[in-house]
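Take a look at the structure set out below.
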Amino acid sequence: MRELIKSLMTKSDKLHWTTVLTERALIALIGFCTVIAVGDYLYGMWIAQTVALADLFMLFIFAEVVAMIGAFYNTERIPVTLPIIIAITALCRLIILHSKEMESMDLIAEAGAIFILAGSAYLMSLKDKLSLEKLGKTKKSG
C-alpha cells in the first residue's frame with residue numbers, strides 16, 4: 001500500500017493521495033463507460049444496417065475521449081486542446097444532424113462557436129509551444 005501511495009504522490013506533492021486516486025478511478029470509469037457506449041453505438045448501427053456521416057462523427061468523438069484518457073495516463077495531465085476538439089466535433093455533428101430544420105441564425109451561432117473553439121485551440125497550441133521553448137531555454141542556461 002505504501003508503494004501505491006508513494007507512486008501516486010509522484011504526480012503532485014500538492015494533492016492528497018486520495019484526490020489522485022479518486023481522479024485516476026474516475027478517469028478509468030469514464031474509459032470503461034466509453035467502451036460500453038462505443039459497443040452500444042456500433043450495435044445500433046449494425047441493427048440499422050446504415051452508416052451515416054453523423055455516425056462517423058460520433059465514433060470520432062468516442063475516439064477522442066479514448067485519446068484523452070490515454071493522454072492522461074501517459075502524461076499525468078489532460079491536454080486542454082483535446083476537449084476543445086471534442087466540442088468542435090460535437091458541434092459539427094449537431095449541424096449535420098439538424099441543419100435542414102435549423103434556423104439560419106442558429107446555424108450561424110453554431111458555426112461561430114466552432115470558429116471560437118478553433119481559435120482557442122490554436123491559441124492553446126501556441127501556449128504549449130511557448131512553454132516548451134521556455135523549458136528548453138531554462139535547461140540550456142541552467
Side-chain angles (χ1 to χ4, degrees), residues 1-140:
M1 183 68 173
R2 287 184 186 244
E3 290 92 24
L4 175 65
I5 294 172
K6 196 173 191 178
S7 70
L8 292 174
M9 288 310 295
T10 59
K11 179 176 179 185
S12 173
D13 294 332
K14 297 177 184 176
L15 297 176
H16 194 267
W17 68 269
T18 55
T19 305
V20 176
L21 186 63
T22 303
E23 180 184 46
R24 286 176 176 250
L26 286 173
I27 296 288
L29 180 65
I30 291 169
F32 180 73
C33 291
T34 302
V35 170
I36 291 172
V38 168
D40 184 50
Y41 201 84
L42 289 173
Y43 179 72
M45 287 171 48
W46 179 266
I47 295 297
Q49 294 291 310
T50 61
V51 178
L53 186 58
D55 296 328
L56 297 176
F57 272 112
M58 193 65 205
L59 292 174
F60 186 74
I61 291 171
F62 287 136
E64 288 295 325
V65 171
V66 170
M68 190 167 48
I69 293 167
F72 170 78
Y73 281 110
N74 197 24
T75 63
E76 297 294 322
R77 66 183 192 92
I78 296 177
V80 177
T81 53
L82 283 177
I84 293 172
I85 291 169
I86 292 171
I88 291 170
T89 307
L91 283 170
C92 289
R93 184 176 184 273
L94 273 176
I95 288 173
I96 288 171
L97 284 174
H98 303 292
S99 63
K100 291 180 183 171
E101 63 266 0
M102 188 182 292
E103 291 188 30
S104 58
M105 287 307 292
D106 292 338
L107 187 61
I108 290 171
E110 287 186 6
I114 291 171
F115 183 73
I116 290 169
L117 287 169
S120 63
Y122 178 70
L123 288 175
M124 293 306 292
S125 70
L126 289 178
K127 179 195 74 80
D128 288 341
K129 288 177 187 174
L130 290 174
S131 296
L132 290 173
E133 286 175 8
K134 285 181 185 177
L135 184 64
K137 287 178 183 176
T138 57
K139 282 185 179 181
K140 289 178 184 176

Just so I know, are the side chains of L82 and V65 near enough to count as touching, which here means a heavy-atom distance under 4.5 Å? no
Rounded to the nearest 0.5 Å, the CZ atom of F60 sits from the CD1 atom of I88 at a distance of 10.0 Å
Could you give the side-chain donor-acceptor pairs of residues 44-51 under 3.5 Å, partners two or more places apart or in another chain?
from : atom 1 : to  : atom 2 : distance (Å)
Q49  : NE2    : W46 : O      : 2.5

Compare every heavy atom of I84 with every heavy atom of A121, then report the nearest pair and how far apart it is. CB-CG2, 3.7 Å
What pairs with D55 under side chain to side chain donor-acceptor pair (under 3.5 Å), at least two apart in sequence or on another chain? Y41
For residues 103-114, please give each side-chain donor-acceptor pair under 3.5 Å, one per line with the distance, not counting sequence neighbours.
none

Nearest heavy atoms of T18 and H16, plus distance in Å: OG1-ND1, 2.8 Å
To the nearest 0.5 Å, atom CH2 of W17 lies from atom OG1 of T19 at 10.0 Å
CG of L123 to OG1 of T81, rounded to nearest 0.5 Å, is 12.0 Å
Output the distance between atom CG (L94) and atom OG1 (T89), rounded to the nearest 0.5 Å. 11.5 Å
Could you pull out every donor-acceptor pair under 3.5 Å between side chains of residues 26-36 and any protein atom, sequence neighbours left out?
from : atom 1 : to  : atom 2 : distance (Å)
T34  : OG1    : I30 : O      : 2.7

Which atom names give the shortest non-hydrogen contact between R93 and A54, and what distance separates them? NE-O, 3.2 Å
With sequence neighbours left out, which residue pairs that include part of residues 61-73 fulfil the side chain to side chain donor-acceptor pair (under 3.5 Å) condition? none
Atom CG in L53, atom CD1 in I96: separation rounded to 0.5 Å? 4.0 Å
Taking every non-hydrogen atom, the tightest pair across L117 and S120: O-OG, 2.7 Å
Nearest 0.5 Å please: distance from the CZ atom of F115 over to the CG atom of L91. 14.5 Å
